[in-house]
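Reviewing the structure listed below.
The chains referred to below are lettered A, B, ... by the order of the sequence lines, with proteins before strands, and numbering in each begins at 1. All of these numbers come straight from a predicted model, not from anything done at the bench.
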There are 2 protein chains.
Amino acid sequence: MNEQLNLSQQVCFPIYAFAKEIINQYRPMLDAIELTYPQYLVMMVLWEHDSQTVNQLGGKLHLDSGTLTPLLKRLETKSLVSRTRSTTDERIVNITLTQKGKELQTQAATIPQKLMQAMNLEMEDLEELKRIITKISNKNK
Amino acid sequence: MNEQLNLSQQVCFPIYAFAKEIINQYRPMLDAIELTYPQYLVMMVLWEHDSQTVNQLGGKLHLDSGTLTPLLKRLETKSLVSRTRSTTDERIVNITLTQKGKELQTQAATIPQKLMQAMNLEMEDLEELKRIITKISNKNK
DNA sequence: CGTAATTAAATTGTGTACAATTTAATTTTA
DNA sequence: TAAAATTAAATTGTACACAATTTAATTACG
């Protein structure tokens, strides 16, 4: 990635740079459905399991309400989700897919394959990468 | 990292989440020297090779002037770097370490080892991770 | 029961990220 | 050489990311 940075830096910079590179590769595909990458992640979680609280989304995506509240308001403005305060516990806000939000899943369905083509990736590379990250992440439990 | 996200998403989300996790692990160490992670990256590049243009820094860190200009102004406010417009080509701004900026390197020297301890990482894990990322990144050249 | 502690979102403030545009300087080229 | 094209930073605007605080609601407990 870069020769001039010393080894101790190369330890973590490549991951940081690679994550940004992936998001940049997603950009044109996500632009087509007018989502940012974090918005796409939220939609993915909701497509997998509709109706979740802000905290539940945050737990899965490692994001707090300071990030999610404005992001979810933007998704609401686009009529992709609705934000409803729970009647049984008024502290909780439930995030639910709208019809439009559900329908977007079809358009988004081809994105993962397109990304792999765009990045010229093999399934085996990704599996290997995932395996190592999982291995490292699991060390701190 | 999370079981509820489907496979196609897990392809890239783990890298995104892992990069954020690393930056969060850096935070307490960087707080101690009052740098953010991107600011630390800029200082690392300058410690490696002092005096670089905004474009050179951006090329190495994959950041544009929209990100770097305000960041460098903050480093200048902290008296860690100086920003000087080139006399031979007035379009270019040279970023140079101040004495204080150079001295900070000593304090920062222990950070990489501390990070590895904090994350409970082995050198071999990182080498493996780096190897795969390099392999994938090199596919697109 | 009523107050204290906890919890869930929202808010506030700082600092990236990046696209798009602007400004100013330098090169190209007709 | 003068206009056109290019280049380097800076600026503008939108959208995260996260710490810290605030607000409101619920639960715990003396």
Looking at B:R27, I'd like to know whether one of its side-chain N or O atoms comes within less than 4.0 Å of OP1 or OP2 on D:dA17.
no
Looking at the base of C:dA10, is there any donor atom on it, or on the side chain of A:S65, that sits under 3.5 Å from an acceptor on the other one?
yes
Does a nitrogen or oxygen in the side chain of A:K78 sit under 4.0 Å from OP1 or OP2 of D:dA15?
no
Charged N to carboxylate O under 4.0 angstrom, B:R131 versus A:E128?
yes
Got B:L57 and B:T53 here, is their nearest side-chain heavy-atom distance under 4.5 Å?
no
In whole angstrom, give the distance that lies between atom NE2 of A:H62 and atom P of D:dA19.
14 Å
Taking OP1 and OP2 of C:dT16, is either one under 4.0 Å from a side-chain nitrogen or oxygen of B:R74?
yes
Is there a side-chain polar atom (N or O) of A:Y37 under 4.0 Å from OP1 or OP2 of C:dC18?
no
Base, sugar-phosphate or nothing for B:T88? Non-hydrogen atoms, less than 4.0 Å.
sugar-phosphate
Below 30° counts as parallel, above 60° as perpendicular, anything between as tilted: where do the rings of A:Y26 and A:Y37 land?
tilted
Would you indicate what A:L68 reaches in the nucleic acid, counting non-hydrogen atoms under 4.0 angstrom: base, sugar-phosphate, or nothing?
nothing
Is any side-chain nitrogen or oxygen of A:K73 closer than 4.0 Å to OP1 or OP2 of C:dT11?
yes
Gap between atoms CG and C1', on B:D64 and D:dG13 respectively (whole Å):
13 Å
Which of parallel (below 30°), tilted (30 to 60°) and perpendicular (above 60°) describes B:Y40 and B:W47?
perpendicular
Does OP1 or OP2 of D:dT7 have a side-chain N or O of B:N55 closer than 4.0 Å?
no
So, is B:K20 near the phosphate of D:dC18, with a side-chain N or O under 4.0 Å from OP1 or OP2?
yes
Select from A:S86 and A:L71 the residue whose nearest nucleotide in DNA chain D is closer to the 5' end of that strand.
A:L71
Touch class at under 4.0 angstrom, heavy-atom based, for B:L63 against every strand present
sugar-phosphate
Can you find a heavy atom in the side chain of B:V54 that is under 4.5 Å from one in the side chain of B:N94?
no
Closest to the side chain of A:E90, out of D:dA9, C:dT16, D:dT26, is D:dT26
Would you mind classifying the nucleic acid contact of B:D89 as base, sugar-phosphate or nothing, using non-hydrogen atoms under 4.0 angstrom?
sugar-phosphate
Euclidean distance, atom CD of residue B:Q52 to atom P of D:dA8 [Å, nearest integer]:
14 Å
OP1 or OP2 of C:dA10 under 4.0 Å from side-chain N/O of A:T69
yes
Nearest of C:dA17, D:dC18, D:dA17 to any side-chain atom of B:N24?
D:dC18
Could you check A:G66 against B:P70 and say which one's nearest nucleotide on DNA chain C is further toward the 5' end?
A:G66
Among D:dC18, D:dA10, D:dA24, which is the nearest nucleotide to the side chain of A:R91?
D:dA24
Applying a 4.0 Å non-hydrogen cut-off, can you work out what B:T36 is touching in the nucleic acid: base, sugar-phosphate, or nothing?
sugar-phosphate
Between B:T69 and B:V93, is any pair of side-chain heavy atoms under 4.5 Å apart?
no
Below 4.0 angstrom from OP1 or OP2 of C:dA9, is there any side-chain N or O of A:T53?
yes
What I want to find out is whether A:R85 reaches A:E90 closely enough, with some N-O distance under 4.0 Å, to be called a salt bridge.
no
Using a cut-off of less than 4.0 Å, is there contact between a side-chain N or O of A:R85 and OP1 or OP2 of C:dA10?
yes
For A:L61 and D:dC18, give me the distance from atom CG to atom P, rounded to whole Å.
11 Å
Just the rounded figure in Å: distance from P of C:dA10 to CG of A:L57.
11 Å
Whole-Å gap separating P (D:dT11) and CG (B:L72):
12 Å
Using a cut-off of strictly less than 4.0 Å, decide whether A:Q39 has a side-chain nitrogen or oxygen near OP1 or OP2 of D:dA15.
no
B:Y40 has an atom OH; how far is it from atom P of C:dT16, in whole Å?
15 Å
To the nearest Å, how far apart are B:I95 CD1 and D:dA10 C1'?
12 Å
